[in-house]
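Below, read A as the first sequence line, B as the second, and so on, with proteins coming before strands; counting in each chain starts at 1.
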Amino acid sequence: MTGFIDVADILKGDNEDGAEVKVRGWIYTSRSSGGIQFLELRDGSGVIQCTLNKRNIDAETFSRVEKLPLETALEMKGKVKEDNRAPGGWEIRVNEIGNVYESKLDYPIVKKEQGIEFLMDNRHLYIREPKLQNIFQIRAKFLQAARDWFKENGYTEVQTPMFMTASVEGGSTLFSVEYFERKGVYLSQSWQLYAEALISSLGKIYTIAPSFRAEPSRTRRHLSEFLHMELEEPWSTLSDIQNSGDRLVCHMANTLAEVMPEKVKAVGRDPDYLASLKAPFPKITYDEAVEIVQSKNIEMFWGDDFGWQQEGPLTEEFETPFWVVGYPSGIKPFYHMPDPKRAEVTLSSDLLAPEGYGEIIGGGQRVHNYEQLYQRTLDDGLDPANYAWYMDLRKWGTVPHSGFGLGVERVLMWMLKLDHIRDTVPFPRDMRRVYP
RNA sequence: GCCGCCAUAGCUCAGCUCGGUAGAGCGUCUGCCUGUUAAGCAGUUGGUCAACGGUUCAAUUCCGUUUGGCGGCGCCA
């Protein structure tokens with residue numbers, strides 16, 4: 001057989017009722033009722049019900065197909081019919097079978113409830129489930145929408161090394177690697193130090209790359225390997241970078257709602273919500289955030305970072321993402337620029353997603369003055385000698401600049417209203433899981 | 001890293017409190033069924049009770065250790 005079409009095209013109504021089509025895919029479910037059987041066929045694009053009726057097909061083919069195990073791959077020819085008895089509203093009345101790639105028996109994934117441990121051990125098969133298929137397709141569109149936005153706004157994409165010798169975030173969360181004979185080589189936690197060097201070469205830049213954090217975090221919002229979308233701009237202040245974040249996030253949300261609303265809905269998020277998001281997002285100061293938390297009778301002192309006890313209730317006050325601006329110096333890394341009007345806080349800002357999802361972007365304005373950065377490094381208990389090339393950047397043509405990092409999986413988790421980050425990625429890596 | 005919980009058939013679980021070598025549903029398989037939606041009906045198959053050690057005449061059951069996992073905390077995107 002040749003000339004196969006995508007299931008997605010049939011479900012969109014691209015083919016007239018009664019048109020003859022050829023499809024190929026994997027048997028997702030099958031039900032037989034004597035003279036008629038129903039196969040749900042899954043190809044890369046969607047799932048469609050195929051019916052085989054003894055009146056329309058020879059008995060040998062009928063009984064052969066009836067015996068095929070789940071996940072058998074096969075080619076079929078038949079007539080498209082609009083029929084509200086079929087899931088998805090369309091089905092194919094099959095009249096001919098092409099090549100068949102028969103499965104083994106006992107495909108382990110069944111349509112009954114199964115435990116998370118088992119499903120994660122069989123992740124290499126479970127990723128075939130239509131819900132995950134939808135999420136991964138949305139994820140791909142999400143990344144494409146981001147790249148479109150960066151292109152339209154004059155950013156250059158650039159990659160930086162995954163092997164590094166300096167820490168961006170805290171040193172305790174570094175993954176150490178064996179790098180030939182050399183000690184002190186780690187997997188990247190962020191591109192930021194390299195990004196600050198590259199803005200003097202390329203101007204506005206972004207990257208989409210993995211970051212690795214050895215945080216021993218057992219929560220539904222942590223991965224040890226996550227996709228990091230980071231952006232760095234010269235001649236940019238805190239409010240400039242917030243503006244970029246607002247527009248980027250809204251563009252991605254609006255695009256998903258516009259381009260694949262049915263998939264968004266199938267996964268669990270009302271696409272109208274994503275369509276309704278508009279820049280700019282609300283801003284509150286760190287001080288105001290502390291007051292809100294305290295007004296809910298939750299313990300918090302000025303200078304503390306938000307724990308889950310504080311952040312959860314805070315995010316329930318909002319229906320869209322919102323910025324918390326001006327974190328205390330004590331809880332932010334050395335490269336954050338102190339507020340010139342108020343030295344105890346930094347020109348930093350995190351974007352928190354509503355509904356308890358929490359932090360999805362962290363960033364702010366960087367220190368661009370050499371002496372100030374040197375002092376901040378010492379204040380943070382670090383040795384400036386370990387950051388020699390990074391300090392160098394402040395000697396020649398240093399300008400105000402800002403940037404942020406966005407956790408792709410965190411944003412997807414919120415946009416798709418998922419209850420665990422693990423399903424935003426095919427093979428999640430966390431402190432307990434590196435297989436399959 | 002800390003706190004809590006879990007591990008029995010391919011899967012989801014019951015049995016353990018009060019010790020005497022195991023049971024259901026689903027799946028597989030065999031039939032039946034011409035509109036099913038996690039289809040239905042009948043029959044069939046299927047287990048070194050996570051591993052190691054202890055107590056005991058006897059341990060899936062009680063105790064300890066280990067391994068793996070799940071949920072949460074702290075920390076972060």
For the residue pair [Y] / [X], report whether a side-chain donor-acceptor contact shorter than 3.5 Å exists.
X: A:S329; Y: A:E344; value: no
X: A:E230; Y: A:Y206; value: no
X: A:E102; Y: A:T72; value: no
X: A:Q37; Y: A:S30; value: no

When you compare [N] with [M], how far apart are their [atom1] atoms, in angstrom units rounded to a whole number?
N: B:rG10; M: B:rC29; atom1: C1'; value: 13 Å
N: B:rG47; M: B:rG23; atom1: C1'; value: 11 Å
N: B:rU30; M: B:rU44; atom1: P; value: 15 Å
N: B:rG25; M: B:rG15; atom1: C1'; value: 15 Å

Check every strand shown and say whether [X] touches a base, only sugar-phosphate, or nothing at a heavy-atom separation below 4.0 Å.
X: A:E91; value: base
X: A:Q309; value: sugar-phosphate
X: A:R422; value: sugar-phosphate
X: A:R433; value: sugar-phosphate
X: A:T219; value: base
X: A:S211; value: nothing
X: A:P87; value: base
X: A:L227; value: nothing
X: A:D350; value: nothing
X: A:F38; value: base
X: A:L406; value: nothing
X: A:N53; value: base

Report task. Heavy atoms only: give me the nearest A:S211-A:H228 pair and the separation to one decimal. Result ->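 Closest pair (atom of A:S211, atom of A:H228, distance): OG-ND1, 2.7 Å.
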Atom [atom1] of [X] to atom [atom2] of [N]: distance rounded to whole Å?
X: A:D430; N: B:rG68; atom1: CG; atom2: P; answer: 13 Å
X: A:I109; N: B:rU28; atom1: CD1; atom2: P; answer: 14 Å
X: A:R213; N: B:rG1; atom1: CZ; atom2: P; answer: 20 Å
X: A:E117; N: B:rG71; atom1: CD; atom2: C1'; answer: 13 Å
X: A:K112; N: B:rC11; atom1: NZ; atom2: C1'; answer: 11 Å
X: A:I36; N: B:rC33; atom1: CD1; atom2: P; answer: 14 Å
X: A:W323; N: B:rA77; atom1: CH2; atom2: P; answer: 12 Å
X: A:E113; N: B:rC70; atom1: CD; atom2: C1'; answer: 14 Å

Closest listed nucleotide, where the reference is the side chain of [X] and the choices are [options]:
X: A:Q49; options: B:rU36, B:rC11, B:rC70; answer: B:rU36
X: A:D83; options: B:rG71, B:rC73, B:rG35; answer: B:rG35
X: A:R55; options: B:rC70, B:rU36, B:rU34; answer: B:rU34
X: A:Q114; options: B:rC33, B:rC11, B:rU36; answer: B:rC11

Query raised in the report: Given that both distances must come in under 3.5 Å, which nucleotide forms a Watson-Crick or G-U wobble pair with B:rA59?
Result: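 Partner of B:rA59: none found under 3.5 Å.
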Report task. Write down the partner of B:rG71 under the Watson-Crick or G-U wobble criteria, each distance required to be under 3.5 Å. Result ->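 Answer to the pairing question: B:rC3, which forms a Watson-Crick or G-U pair with B:rG71.
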Requested in this report: State whether the aromatic ring of A:F226 stacks on the base of B:rA77, taking stacking to mean ring centres under 5.5 Å apart and ring planes under 30° to each other.
Outcome: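 Yes; by the centre-distance and plane-angle rule, A:F226 counts as stacking on B:rA77.
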Query - Cation-aromatic face contact A:K111/A:Y28, 6.0 Å, 45 degrees - result: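 Judged by the rule, A:K111 and A:Y28 form a cation-pi pair.
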Query raised in the report: Within the structure, does a side-chain N or O atom of A:R221 lie under 4.0 Å from either OP1 or OP2 of B:rA77?
Result: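 So the side chain of A:R221 is outside the cut-off, no N or O lying under 4.0 Å from OP1 or OP2 of B:rA77.
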Query raised in the report: To the nearest 0.5 Å, what is the distance between CE (A:M431) and OG (A:S224)?
Result: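 Interatomic distance, A:M431 CE to A:S224 OG, rounded to 0.5 Å: 9.0 Å.
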